[in-house]
Amino acid sequence: TVDKVPGLHRGFSIAVINISMILPVFIKKNPLLINSKVKRCVPCTWYNYPIWTFEDEKIKNQKRRQDEMKKAILVGEFKHETNSFMPEKSGVEAFMARDYFFGEEIFKVFQGVRNELGGILDYFCPIENCRLVPVMAFNAQPGGIVTREVFQSARDALLEAIEKQERVDGILLALHGAMVAEGYPDGEGALLETLRDKVGTEVPIIASLDLHCNLTKKMVKYADAFFPYDYYPHTDTYEAGIRAAKCMWDTLEGRIHPVMAYGLWIFCAPICLPPNHIWQSTWRKHRRSAVNLRMRFGRIERICGETFGP
């Protein structure tokens, strides 16, 4: 028996490695050694060493090939409403107090949450032919200028994620639109320009925006579509994420090709308490017009942003 032959265990374990091409035949002739219905290692009853069916590796390779065939969409969040007059800067600590997550953490934190990332995750959940690549989620309370360290950390995380993928089909972001960072007066514009330079013109870059974004020509130039909130208080952040996700998927499926045009409408009104009725009525008219266009034509998005002055 095996127990009476010293060193046989060690010799047999080495033999398993060296004769891996013959092992399936051996197993086939000895069906009692393995339970073929279980796709995992099954301990052998007569020599106490596990034997595998090679099914595990086959399944892994098959799953890897299936994932490679799916459309890869990078997902990230970088939101900050900057007040450049504040003396204190918004560093890593400011973002860690709210959102400062990387990679798979994003799925755990934002799945089922009623905000932009939650809307994006919910939209793509039932779609099998896509693969979301969560990169980073940075969000802080409104405050002073964002430090160069934070900005470059977010930028580099996105660039590294692009490098690691065999291909990137789309980039879907949750942005604020009013960020100023050290050395980057137009934070979102600089970020979008870097991403566009990296992936080229064929990869769609789509983002949700805050209603109080400072939309710039640079942002419009380097992105394919924006989807801001409609309301203040911001009760429709989830819906903005859904609209951005739908636009991305329709674009990747070839149903649409989003384009944007930039126009500046200047209207100055005092912001005071109680709420300024002139401003509210004027803004309500344009918001209603934007929503009506969206509902009537489905694929027209009119961006109305309540931009703050300097």
Side-chain angles (χ1 to χ4, degrees), residues 56-79 99 101-111 116-138 151-175 187-209 218-227 240-260 299 301:
D56 286 338
E57 195 63 29
K58 181 179 178 181
I59 292 172
K60 288 179 181 177
N61 291 335
Q62 191 175 35
K63 185 176 184 303
R64 192 179 299 115
R65 287 193 297 269
Q66 290 174 348
D67 286 343
E68 290 172 356
M69 294 175 62
K70 295 178 179 179
K71 293 181 171 63
I73 304 171
L74 265 59
V75 177
E77 174 192 59
F78 195 13
K79 291 165 56 180
D99 290 348
F101 304 105
F102 293 91
E104 297 293 327
E105 287 182 305
I106 294 174
F107 288 141
K108 299 176 183 178
V109 173
F110 293 98
Q111 193 78 54
E116 307 96 298
L117 284 180
I120 290 170
L121 297 182
D122 283 355
Y123 182 86
F124 284 106
C125 184
I127 299 177
E128 297 182 355
N129 192 30
C130 79
R131 178 170 57 90
L132 296 184
V133 182
V135 182
M136 38 69 66
F138 291 3
F151 181 87
Q152 292 181 347
S153 176
R155 180 198 64 190
D156 293 347
L158 288 164
L159 293 177
E160 289 173 11
I162 295 170
E163 285 286 348
K164 290 179 181 178
Q165 302 300 313
E166 290 191 8
R167 78 172 196 278
V168 173
D169 297 289
I171 300 176
L172 193 51
L173 303 172
L175 303 176
E188 285 84 359
L191 180 67
L192 294 168
E193 180 180 15
T194 301
L195 295 177
R196 179 60 72 201
D197 290 343
K198 185 67 175 178
V199 300
T201 58
E202 298 302 315
V203 176
I205 300 177
I206 296 171
S208 63
L209 292 175
K218 191 173 187 177
M219 292 169 61
V220 173
K221 178 180 180 181
Y222 293 111
D224 291 274
F226 290 127
F227 295 86
I242 290 285
R243 300 203 315 272
K246 184 179 187 307
C247 180
M248 174 62 76
W249 190 241
D250 286 345
T251 301
L252 296 180
E253 290 290 281
R255 290 187 283 269
I256 63 172
H257 180 73
V259 294
M260 289 193 292
R299 293 175 180 174
E301 185 80 17

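Quick note: residue numbers are just sequence positions, from 1.
The minimum heavy-atom distance linking F107 with L132 is given by the pair CZ-O, 4.0 Å. Across P258 and T251, no two heavy atoms sit closer than the pair CD-OG1, 3.3 Å. Scanning both residues, S208 and E116, for their nearest heavy atoms gives OG-CG, 3.4 Å. Contact between G76 and L117 at its shortest, heavy atoms only, is O-CD2, 4.1 Å. Taking both residues in full, the closest heavy atoms of A157 and V135 are given as O-CG1, 3.4 Å, listed atom of the first, atom of the second, then distance. In this structure, V168 and V203 approach most closely via the heavy-atom pair O-CG2, 3.4 Å.
With sequence neighbours excluded, the residues forming a ring pair (Phe, Tyr, Trp, His ring centres under 6.0 Å) with F151 are Y184, listed by chain and number. Taking the side chain to side chain contact (heavy atoms under 4.5 Å, CB included) definition, one finds that A244 meets it with L172, I206, F227, sequence neighbours left out. Taking the side-chain hydrogen bond (donor to acceptor under 3.5 Å, both in side chains) definition, one finds that E160 meets it with nothing, sequence neighbours left out. Taking the ring pair (Phe, Tyr, Trp, His ring centres under 6.0 Å) definition, one finds that F102 meets it with Y100, F138, sequence neighbours left out. Judged as a salt bridge (Lys or Arg N to Asp or Glu O under 4.0 Å), and not counting sequence neighbours, the contacts of D169 are R167.
The distance from atom CG of N129 to atom CE of M69, rounded to the nearest 0.5 Å, is 8.0 Å. In this structure, CD1 on I171 lies 10.5 Å from NZ on K198, to the nearest 0.5 angstrom. Within the model, atoms CZ of F226 and CE of M260 stand 4.5 Å from one another, a figure rounded to the nearest 0.5 Å. L173 CG to M248 CE: the interatomic distance, rounded to the nearest 0.5 Å, is 8.0 Å. One distance of note links CZ of R155 with CZ of F78; it measures 10.5 Å at 0.5 Å rounding.
I73 has its side chain out of reach of I120: every pair of non-hydrogen atoms, C-beta onward, lies at least 4.5 Å apart. Looking at heavy atoms from C-beta onward, L191 lies in side-chain contact with L158 at the 4.5 angstrom threshold. The shortest distance between side-chain heavy atoms of K71 and W249 falls below 4.5 Å. You'll find the side chain of D122 reaches within 4.5 Å of the side chain of Q111, heavy atoms only. Put simply, the side chain of D99 reaches to within 4.5 Å of the side chain of F110, judged on heavy atoms.
Among pairs with a residue in residues 187-197, those fulfilling salt bridge (charged side-chain N to carboxylate O under 4.0 Å, His left out) read E193-K218, R196-D224, at least two apart in sequence or across chains.
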